[in-house]
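Written below as structure tokens is the structure these notes are about.
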Amino acid sequence: MSTGWKTVTLADVCSFENGDRGKNYPGRKAFVKTGVPFINSGHLKGGTINTDKMNFIERERFNLVSRGKIIKGDLLFCLRGSLGKFAIVDDISEGAIASSLIIVRPGEQLNNRYLAAYFSSQLCLAQINKFRNGAAQPNLSGKNLGLFKIPLPLLPEQKRIVAILDETFAGIDQAIANTKKNLTNAREVFESYLNGVFIQKDEGWTETSLVNEIELLTGFAFKSKGYSEEPNSIKLLRGDNIIQGAFRWESAKKWSASDVDSYSKYYLRAGDVVLAMDRTWVKAGLKYAQIEEKDLPCLLVQRVARLRPKSNLDSNFLKYLISSNEFTKYVLSIQTGSGVPHISGAQIKAFQFGKPTTAIQKKTSAELDKLHLEIQHLESIYQKKLTALAELKQSILHKAFTGELTQTPEQELAEAC
């Protein structure tokens with residue numbers, strides 16, 4: 001550690017204040033359209049307070065709150081759930097905090113932006129992992145937060161470090177924004193081409209419905225008491241295992257391989273397209289995917305539809321059809337239920353679309369496959385750059401808290417950007 005630096009605990013240089021949990025604690029029923037901001041962990045984003053969906057309480061109730069009132073320059077730190085989320089109180093002049101947050105108020109020895117940088121660092125993450133409690137609902141106590149160790153130079157050095165970090169991170173953040181934009185543009189190129197295929201139908205395309213082109217099967221209600229952990233057990237494909245164009249098998253339930261003879265009709269094949277029938281569309285997109293050899297063997301579970309193309313429909317063409325905006329719009333127009341929106345097998349089969357000849361289907365699918373591979377390659381490059389930029393941030397923070405950040409790391413920044 002550099003000369004003049006010392007290691008202290010947050011309790012040595014900060015004061016802490018929890019939200020008021022007493023009878024005056026503002027519950028959800030107390031929220032009003034305008035008033036004094038009431039801040040919870042969901043409002044903390046990227047080190048700032050997101051006011052887009054702010055909750056408010058009446059001033060009369062705010063006046064009754066005995067603690068947890070913010071002032072400019074405070075830092076808010078999340079003690080439950082999303083541990084480590086934080087924000088500087090900057091643009092909000094007054095407000096109260098939820099019980100999941102704690103106010104961290106730097107004393108005279110500590111610059112609040114230096115503390116914010118510390119909260120962003122792996123050094124702080126290590127302290128969180130050391131003192132956290134709970135598995136399903138991770139949490140920290142204010143007392144343990146006070147035990148966090150922080151390297152502390154004199155105030156002028158803290159301000160110098162903050163100035164370097166501000167300049168450097170502005171460049172990194174711009175590079176991250178540009179990379180994310182490139183990533184979005186690449187995906188939009190593919191989506192535009194894909195959707196154009198099913199909107200601008202060429203001559204020779206005929207109108208048909210899925211009922212004429214596929215064999216649809218919904219899965220079996222495998223009972224949870226029969227789930228197996230045996231080494232050769234067969235995966236069960238549930239709606240939860242399907243995401244946007246892919247599978248997540250980590251949480252897959254399994255069935256004993258010695259008890260599958262009576263369920264042979266529910267075996268899936270490579271090329272089958274599967275579609276979740278409950279919550280078919282979520283914010284991330286349509287829950288569909290195509291079975292590949294690596295996914296087999298697996299059995300189809302209830303509330304998942306298997307779409308198996310007949311002889312005049314190419315399986316890849318079917319996959320792209322289901323992933324198109326035309327089908328998504330159809331799903332959104334027919335799904336029913338507010339708690340768990342769902343669709344039926346009959347509704348799936350009723351979907352109408354334009355179908356070209358088998359030869360054109362295969363040609364179109366091949367072109368889409370090629371473009372998809374190119375986009376995936378670009379996505380890989382952009383994702384690696386985002387990872388490198390995030391790692392650069394942590395490398396610079398490490399130098400900042402070990403006294404090694406003597407000047408703006410211009411070369412590292414230039415190479416990353």
*Would you indicate whether Lys399, at its atom NZ, is surrounded by more than 12 heavy atoms from other residues, nucleotides or ligands within a distance under 6.0 Å?*
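Counting neighbours around NZ of Lys399, 12 or fewer heavy atoms of other residues, nucleotides or ligands fall under 6.0 Å, so no.
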Test of ring centre spacing under 6.0 Å for [X] and [Y]:
X: Phe148; Y: Phe131; value: yes
X: Phe353; Y: Phe198; value: no
X: Phe220; Y: Tyr263; value: yes

Take the angle between the ring planes of [X] and [Y] and call it parallel below 30°, perpendicular above 60°, tilted in between.
X: Phe38; Y: Phe31; value: tilted
X: Trp5; Y: Tyr114; value: perpendicular
X: Phe351; Y: Phe327; value: perpendicular
X: Trp255; Y: Tyr227; value: perpendicular

Under 6.0 Å from the ring centre and within 45 degrees of the ring axis: does the NZ or CZ of [X] meet both conditions for the six-membered ring of [Y]?
X: Lys287; Y: Trp281; answer: no
X: Lys362; Y: Phe317; answer: no
X: Lys319; Y: Tyr288; answer: no

*What are the two closest heavy atoms between Gly95 and Val36, and how far apart are they?*
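Heavy atoms only, the tightest pair is CA-CG1, 3.8 Å.
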_Show the nearest heavy-atom pair for residues Pro309 and Leu318, with the distance to one decimal._
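For Pro309 and Leu318, the tightest heavy-atom pair comes out as CD-CD2, 3.9 Å.
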*Between Thr168 and Leu165, is there a donor-acceptor pair closer than 3.5 Å when you use the side chain of the first and the backbone of the second?*
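No.
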*What's the spacing between Asp90 CG and Asp74 CG if we round to 0.5 Å?*
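CG of Asp74 is found 11.5 Å from CG of Asp90.
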*side-chain contact (heavy atoms from CB on, under 4.5 Å) between Leu275 and Val304: does it pass, once the steps are laid out?*
CA-CA 6 Å; Leu275 183 69; Val304 178; over 6 Å; no
